[in-house]
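The structure appears right after this line, and notes come after that.
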Number of protein chains: 4
Amino acid sequence: MTVSPRGSARTEAIMRTALELGRETGYAKLSMEAVAARAGAGKHTLYRRWPSKGALLLDSLLHLHAPDLDYPDTGDVVADLRTQIHAAVDLLGNPPFGPLYRALIGEAQHDPRLAADLNKRFVTPQTEKTVARLRTARERGELSPAFDLDLAMAVLSGPLYFRLLITQEPLTHAYVDRLLRALFDGMGA
Amino acid sequence: MTVSPRGSARTEAIMRTALELGRETGYAKLSMEAVAARAGAGKHTLYRRWPSKGALLLDSLLHLHAPDLDYPDTGDVVADLRTQIHAAVDLLGNPPFGPLYRALIGEAQHDPRLAADLNKRFVTPQTEKTVARLRTARERGELSPAFDLDLAMAVLSGPLYFRLLITQEPLTHAYVDRLLRALFDGMGA
Amino acid sequence: MTVSPRGSARTEAIMRTALELGRETGYAKLSMEAVAARAGAGKHTLYRRWPSKGALLLDSLLHLHAPDLDYPDTGDVVADLRTQIHAAVDLLGNPPFGPLYRALIGEAQHDPRLAADLNKRFVTPQTEKTVARLRTARERGELSPAFDLDLAMAVLSGPLYFRLLITQEPLTHAYVDRLLRALFDGMGA
Amino acid sequence: MTVSPRGSARTEAIMRTALELGRETGYAKLSMEAVAARAGAGKHTLYRRWPSKGALLLDSLLHLHAPDLDYPDTGDVVADLRTQIHAAVDLLGNPPFGPLYRALIGEAQHDPRLAADLNKRFVTPQTEKTVARLRTARERGELSPAFDLDLAMAVLSGPLYFRLLITQEPLTHAYVDRLLRALFDGMGA
DNA sequence: GATTAATCGAGACGGTACGTCTTGTCTTCGG
DNA sequence: CCGAAGACAAGACGTACCGTCTCGATTAATC
């Protein structure tokens with residue numbers, strides 16, 4: 001990608017401003033107009049780079065809070081999952097990432113392009129890392145050959161997103177641990 | 001001269017119009033203005049009843065598609081959950097309820113009052129019914145005394161909402177069955 | 001509990017409230033709605049009596065500040081005119097009558113019915129009194145038989161209204177005296 | 001795609017539309033909304049230029065009917081005044097200027113900023129021209145050194161405005177002539 | 001005194017316009 | 001020649017009044 005250094009500097013400044021405003025006023029009150037004004041940029045300059053405020057914010061979030069959610073591999077899959085999901089939950093459940101991420105998912109419900117982007121650039125990579133770590137464990141025999149990797153992923157993520165988006169209860173480490181126990185030790189039915 | 005119906009007649013007519021427009025144009029393009037115009041109502045009449053288009057749509061959805069998601073009790077808890085969650089998934093995963101419900105959850109991400117309403121009037125009642133049915137089963141000894149009711153609820157709901165809101169994969173009966181099997185038979189870890 | 005007065009008592013109370021509000025907020029911010037609310041009256045009760053806020057205010061002004069602008073007849077026409085026009089100018093040039101009267105004339109520019117009422121109930125009676133006093137003087141020989149009564153009237157009133165409505169300079173006794181001198185002694189052309 | 005004219009072209013088009021609508025529907029029924037719609041302009045574009053419909057109409061009237069009321073100087077002050085006031089009366093007493101001018105004066109009664117503008121941009125310049133012509137005559141000795149210029153001005157204008165705004169009798173040349181005669185020949189008191 | 005009939009308050013209702021805001025496109029002009 | 005600055009059309013926002021209309025509750029006049 002051949003962007004002039006001046007261009008990318010401009011781009012970064014705008015993204016920084018977007019996050020700043022997002023943090024201050026919340027996503028709902030954020031407008032391309034306001035970001036342009038605050039950043040001292042023309043609106044055209046924003047629209048040239050991002051098609052919507054959702055795209056701008058997604059980009060800003062990923063560039064400036066580039067989440068480092070890579071999996072450790074200590075040999076103990078449960079411990080590794082625990083480590084990593086605790087980190088994920090700390091990221092998603094707290095400012096500044098959390099509220100903006102929630103807002104982006106909200107926006108994505110009426111904007112299919114944003115939904116696709118969000119999936120492609122954040123959700124899918126994360127889920128794939130988790131599935132990959134589980135697969136490694138299954139290959140090593142830590143998990144039964146019939147272990148349903150995708151379903152396990154969903155059982156871990158789903159309840160967290162449900163809390164984040166629906167009930168808005170806090171995402172705690174304790175809750176993650178309950179989920180892991182249920183997943184690997186069973187519900188005791 | 002045409003007399004405007006008062007009170008609840010007016011209210012219902014507006015809600016019907018709101019859903020109609022919601023179905024036609026989608027939530028994003030819906031405006032209080034348009035609903036008022038189509039319903040032949042003054043804007044004030046809408047704002048007198050609902051503080052936002054989110055509130056209007058939530059109300060419309062619940063009044064006019066009053067979901068009948070009561071649990072059967074055949075004595076077999078797994079079969080009963082299956083019956084009921086299949087029904088829930090048919091409702092949430094298809095028009096007209098599905099898309100509008102998704103949109104409302106989206107809107108709720110920037111509107112705390114709507115989020116609270118959504119929980120109070122739809123989500124919480126549904127989860128409580130599920131938890132109640134599970135509790136009955138536990139009291140009868142169908143489930144172990146240590147069975148974590150809330151967690152089970154979350155394991156069933158979470159992945160469905162994750163599909164609905166994040167990955168937008170279809171909500172199938174088969175997927176529900178996979179979840180139920182995982183919950184009651186374990187993951188085979 | 002609260003007793004609603006009927007008939008003319010109600011009417012007077014509303015008029016009093018109208019003037020009160022007019023004084024406080026100015027004519028522009030006055031609304032039938034506000035008068036009704038402040039007076040603890042239904043809007044219907046106002047519209048039953050007056051077709052517009054202009055009509056209400058005109059009525060209120062004339063009933064509650066019933067101007068006593070009758071002419072003295074001391075035998076000296078100039079002195080009598082002077083007395084009376086000084087009084088008129090004190091009324092029109094000062095609160096509460098002045099500002100509301102100005103506003104009514106303003107409103108009358110887009111409301112022909114109000115214009116007609118204003119003329120019939122206030123302006124014409126006043127001019128006729130002046131003309132009558134002048135006619136008496138002419139009949140007594142104080143003025144020449146060719147003296148143009150209507151024109152004299154206009155020369156006295158016109159400049160005062162011009163100040164009131166256009167330049168908004170104060171209406172002073174001194175200015176009235178200058179006008180009277182010009183009228184009776186000539187401009188010295 | 002149609003390109004919207006910018007700047008002064010847009011401004012003129014809007015003013016033309018405003019007068020057009022003013023003529024058709026009258027000032028009272030005129031709305032910023034309607035002007036914007038008819039002109040194919042956004043409402044913001046109107047509000048960017050004028051703070052109120054009064055300001056818009058005043059501007060429109062002065063730009064598009066720029067009254068040419070300059071005084072001739074034939075050496076005969078009475079004849080010159082007569083010529084010029086006849087012209088003024090033709091302008092003020094007839095459409096399209098007359099009714100809109102009346103409406104503006106009406107509006108100015110509740111809008112001090114409009115009142116100030118009206119004075120500054122129309123009334124004062126006209127009166128000053130008249131006073132200047134009279135002053136020239138006084139300096140030449142056509143009028144007595146004691147001749148009260150401002151008062152003469154008021155005696156000529158006042159009755160005309162009185163007719164325009166209060167009694168709504170027509171502004172005729174004959175009436176102007178009566179006024180001039182009274183002013184220069186006296187009332188014959 | 002009981003029964004009408006009118007009058008009242010309260011405020012819902014369909015409308016219209018307000019003045020503000022944001023969106024995404026298009027122009028202008030300075031560096 | 002690019003980019004800031006912002007003009008522009010479009011149209012929704014939420015508010016304010018308009019004048020009409022129900023709705024019961026009071027009140028006064030008639031029986």
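Convention: sequence-line order gives letters A, B, ...; per-chain numbering from 1. What's counted below: heavy atoms across the whole structure, side chains too, no hydrogens, waters or symmetry copies.
- Contact annotation: side chain of H44(C) to base of dC21(F), donor-acceptor pair present below 3.5 Å.
- In this structure, CG of L21(C) is placed 11 Å from P of dC17(F), rounded to the nearest angstrom.
- If you measure from atom CG of L56(D) to atom P of dA17(E), you get 15 Å, rounded to the nearest angstrom.
- A donor-acceptor pair shorter than 3.5 Å cannot be found between the side chains of R10(D) and T45(D).
- Rounding to whole angstrom units, CZ of residue R38(D) and P of dA17(E) are separated by 13 Å.
- DNA chain E is contacted by both M32(D) and I14(B); I14(B) maps to the nucleotide lying nearer its 5′ end (nearest heavy atom per residue).
- A donor and an acceptor atom sit less than 3.5 Å apart, one in the side chain of K43(C) and one in the base of dG19(F).
- In this structure, CH2 of W50(C) is placed 17 Å from C1' of dC18(F), rounded to the nearest angstrom.
- Electrostatic pairing of R16(C) and E12(C) counts as a salt bridge here, judged by a charged N lying under 4.0 Å from a carboxylate O.
- Look at R49(A) and you won't find any side-chain N or O under 4.0 angstrom from OP1 or OP2 of dG3(F).
- Counting to the nearest Å, the P atom of dA12(E) and the CD atom of E12(B) are 19 Å from each other.
- When each of I14(C), L57(C), V35(C) is tested with W50(C) by the rule side-chain contact (heavy atoms from CB on, under 4.5 Å), just one qualifies, namely I14(C).
- Regarding K53(C), its NZ atom lies at a distance of 12 Å from the C1' atom of dA16(F), rounded to whole Å.
- Between Y27(B) and Q109(A), the side chains place no donor N or O within less than 3.5 Å of an acceptor N or O (distance only, hydrogens not considered).
- Under the 30°/60° scheme for interplanar angles, the aromatic rings of Y101(C) and F122(C) are found to stand perpendicular.
- Here T45(A) does not reach the OP1 or OP2 of dG3(F): none of its side-chain N or O atoms lies under 4.0 Å away.
- Following rounding to the nearest Å, L46(B) (CG) and dA12(F) (C1') show an atom-to-atom distance of 13 Å.
- Taking for each of P51(C) and A39(D) the nucleotide of DNA chain F with the nearest heavy atom, the 5'-most of the two is the partner of A39(D).
- Nearest to the side-chain atoms of Y47(A) among the listed nucleotides dC18(F), dT23(E), dG19(E) stands dT23(E).
- Comparing R48(B) and E33(D) by the nucleotide of DNA chain E that holds the closest heavy atom to each, the one mapping nearer the 5' end is R48(B).
- At dA16(F), none of the side-chain N or O atoms of S31(C) fall inside 4.0 Å of OP1 or OP2 (strictly under the cut-off).
- Using a 4.0 Å cut-off, no side-chain N or O of R10(B) falls inside it from OP1 or OP2 of dC13(E).
- Atom CZ in R113(A) sits roughly 11 Å away from atom P in dG24(E) (whole-Å rounding).
- Comparing K29(C) and A34(B) along DNA chain F, the residue whose closest nucleotide (by nearest heavy atom) sits nearer the 5' end is A34(B).
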